[in-house]
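Here's the structure we're looking at; comments come further down.
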Amino acid sequence: MKDGGGQAALVLTGGGARAAYQVGVLAAIRELRGRRGGNPFPILCGTSAGGINAAALAVYSSSFNHAVDQIEYIWRHFHVDQVYRADPVALLGSMGRWGLAIGTGWAIRQTPRSLLDNAPLRELLARVLDFSAIGRSIRRGHLRALSVTASGYASGESLAFFEAADDIQPWRRTHRMGVRTRINVDHLMATSALPFVFPAVHIHREYFGDGSMRQLAPVSPAIHLGADRIMVIGAGRLAEEGRQRAESYPSPAQIAGHALSSIFLDTLAVDLERLHRINQTAGAMSPEQRLASGATLKPIETLVMLPSQRLDAIAGRHREALPLLLRTLLRSFGAMRREGSTLLSYLLFEPAFTQALIELGYEDAMARRGEVVDFLRL
């Protein structure tokens with residue numbers, strides 16, 4: 001059977017280097033589809049590193065298999081210096097600027113904007129992605145919509161920047177809205193600008209940071225863009241092990257990792273619970289009853305793919321893959337210890353880690369191949 005059965009959307013969440021897991025799931029989907037052409041996900045939505053993956057799929061949406069090939073090659077060969085500057089000049093300069101700012105009580109004229117300089121990522125994205133291809137794919141019917149979400153530091157709103165077919169309209173809800181635009185490298189840099197770690201990006205009249213911040217409804221853009229079926233690929237487990245005894249005070253890395261996990265994981269769990277309740281309510285009514293009552297709810301088929309293993313534990317096994325000076329810097333924050341490996345997992349853009357996550361994503365998806373095949377109507 002050909003891909004079909006309503007508008008299918010792919011939602012890719014954030015997580016820095018953890019987003020390599022998504023590539024493994026996509027690789028499994030590529031294998032399960034075989035030689036089928038086209039694009040099984042006419043609606044693509046992403047946030048943070050997931051936004052970058054979604055944009056890459058959109059650029060190459062005329063051929064899903066080719067798109068996954070391109071993305072997988074980059075993720076399998078990633079090094080930190082392709083994402084942020086990890087050379088001694090950059091790292092020591094950043095440490096010096098932050099030390100001076102803190103030591104002078106932030107009295108210096110130009111305070112540091114971020115811990116790390118992610119200019120290499122901008123250069124990589126500008127080089128490998130032809131953003132004009134997104135509009136061409138929409139006009140030719142390969143793609144219906146792409147959205148990338150970023151968080152406005154001034155307004156506090158979550159903005160889903162989208163490029164889509166002409167009949168799709170912008171939307172506004174409490175603290176979140178959809179804004180039609182031409183997606184470019186600035187939107188990808190904004191959606192992936194981890195707070196404190198990477199600098200905010202100025203778009204139009206506001207500075208934006210990582211889209212996972214204040215994203216109250218990660219699945220919502222896909223629904224506004226017309227999805228009837230949604231596959232969500234996360235980059236972390238929503239339910240971790242139970243409470244553990246801790247005798248020592250948490251390190252800065254442990255606190256930072258906890259904060260990042262709250263940003264990337266908690267809102268997705270809440271939104272999925274909300275969607276489940278809506279499906280239960282809508283499913284209890286016939287289409288005629290929903291029409292007669294004026295209800296706008298409709299059941300949304302969902303398939304959620306999440307790692308079967310803790311990604312921070314995998315990161316801990318590959319910590320030595322980082323450059324020496326960067327390891328030294330992260331060790332001072334406690335990130336090289338087991339309890340600090342959550343922070344490490346967001347920054348470990350090295351083949352040893354990303355390839356391990358790709359393999360895990362592939363294995364997890366193939367273990368649920370029946371569900372994936374059913375969702376894709378194969």
Side-chain angles (χ1 to χ4, degrees), residues 9-26 44-58 71 74-75 78 83-84 114 116 118 121 125 146-153 157-162 176 183 185-201 208-222 230-238 240 256-272 304-307 310-312 315 342-349 353-354 357-358 361:
L10 178 65
V11 175
L12 302 175
T13 66
R18 288 169 166 243
Y21 174 84
Q22 299 168 352
V23 181
V25 177
L26 294 173
L44 296 165
C45 304
T47 303
S48 192
I52 295 176
N53 283 342
L57 288 172
I71 298 170
I74 291 175
W75 276 98
F78 247 145
V83 180
Y84 52 88
S114 62
L116 298 173
N118 61 349
L121 177 61
L125 294 175
L146 164 70
S147 79
V148 227
T149 301
S151 181
Y153 279 113
E157 291 188 317
S158 176
L159 267 65
F161 295 102
F162 71 90
R176 52 191 170 94
I183 301 296
V185 69
D186 285 338
H187 299 99
L188 301 192
M189 297 302 295
T191 189
S192 59
L194 289 169
F196 296 109
V197 179
F198 298 136
V201 178
F208 288 87
D210 196 288
S212 297
M213 296 185 294
R214 307 198 70 173
Q215 189 180 30
L216 304 177
V219 182
S220 173
I230 301 175
M231 176 181 285
V232 181
I233 309 179
R237 303 170 70 187
L238 300 185
E240 301 290 3
H258 178 76
L260 289 174
S261 293
S262 298
I263 292 172
F264 287 118
L265 301 180
D266 291 354
T267 54
L268 176 61
V270 171
D271 202 26
L272 290 173
V304 182
M305 304 294 299
L306 299 173
R310 292 187 60 128
L311 302 191
D312 54 349
T342 297
L343 174 62
L344 185 68
S345 69
Y346 293 103
L347 300 175
L348 219 170
F349 291 93
F353 181 57
T354 59
L357 265 54
I358 291 172

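A pairwise comparison of heavy atoms in Ala49 and Ser192 identifies N-CB, 4.3 Å as the closest pair. In terms of heavy atoms, Ala190 sits closest to Phe208 at CB-CB, 3.9 Å. Closest approach of Gly234 and Leu306 over heavy atoms only: CA-CD2, 3.6 Å. Taking each heavy atom of Gly15 and Ser48 in turn, the nearest pair found is N-OG, 4.0 Å. Between Phe349 and Ala17, the shortest heavy-atom distance links the atoms CZ-N, 3.3 Å. In plain terms, the two heavy atoms of Thr191 and Gly46 that are nearest each other are OG1-O, 4.4 Å.
No side-chain heavy atom of Met189 sits under 4.5 Å from any side-chain heavy atom of Phe198. A heavy-atom distance below 4.5 Å is not found between the side chains of Asn53 and Ile233. Side-chain atoms of Tyr84 and Leu347, non-hydrogen and from C-beta on, do get closer than 4.5 Å to each other. Side chains of Leu26 and Met305 form no contact here, defined as non-hydrogen atoms less than 4.5 Å apart. Residues Leu57 and Leu12 form a side-chain contact, since some pair of their non-hydrogen atoms from C-beta on lies under 4.5 Å apart. Contact check for Pro221 versus Thr149: side-chain heavy atoms found under the 4.5 Å cut-off. Considering only heavy atoms from C-beta on, Pro199 comes within 4.5 Å of Asn118 through its side chain.
With rounding to the nearest 0.5 angstrom, the CG atom of Leu10 is 11.0 Å from the CG atom of Leu146. In this structure, CG in Leu311 is found 9.5 Å from OG1 in Thr342, a value given to the nearest 0.5 Å.
The main-chain N or O of Trp75 is found under 3.5 Å from a side-chain atom of Thr354 such that the two form a donor-acceptor pair.
Looking only at atom types and distance, the side chain of Asp312 has no donor-acceptor partner in the side chain of Ser345 under 3.5 Å away.
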Inset, instruction - Applying side chain to side chain contact (heavy atoms under 4.5 Å, CB included), run through Leu121 and Ile52 and close with a yes or a no. - result: CA-CA 10 Å; Leu121 177 61; Ile52 295 176; 4.1 Å; yes
Inset, instruction - Go through the steps to decide whether Gln22 and Thr13 satisfy the test side chain to side chain contact (heavy atoms under 4.5 Å, CB included), and finish with yes or no. - result: CA-CA 9 Å; Gln22 299 168 352; Thr13 66; 4.0 Å; yes
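If you run side chain to side chain donor-acceptor pair (under 3.5 Å) between Arg176 and each of Ser220, Ser151, Ser158, only Ser220 comes through. Considering Leu159, Thr47, Ile183 in turn, Ile183 is the only one that fulfils the side chain to side chain contact (heavy atoms under 4.5 Å, CB included) rule with Val148.
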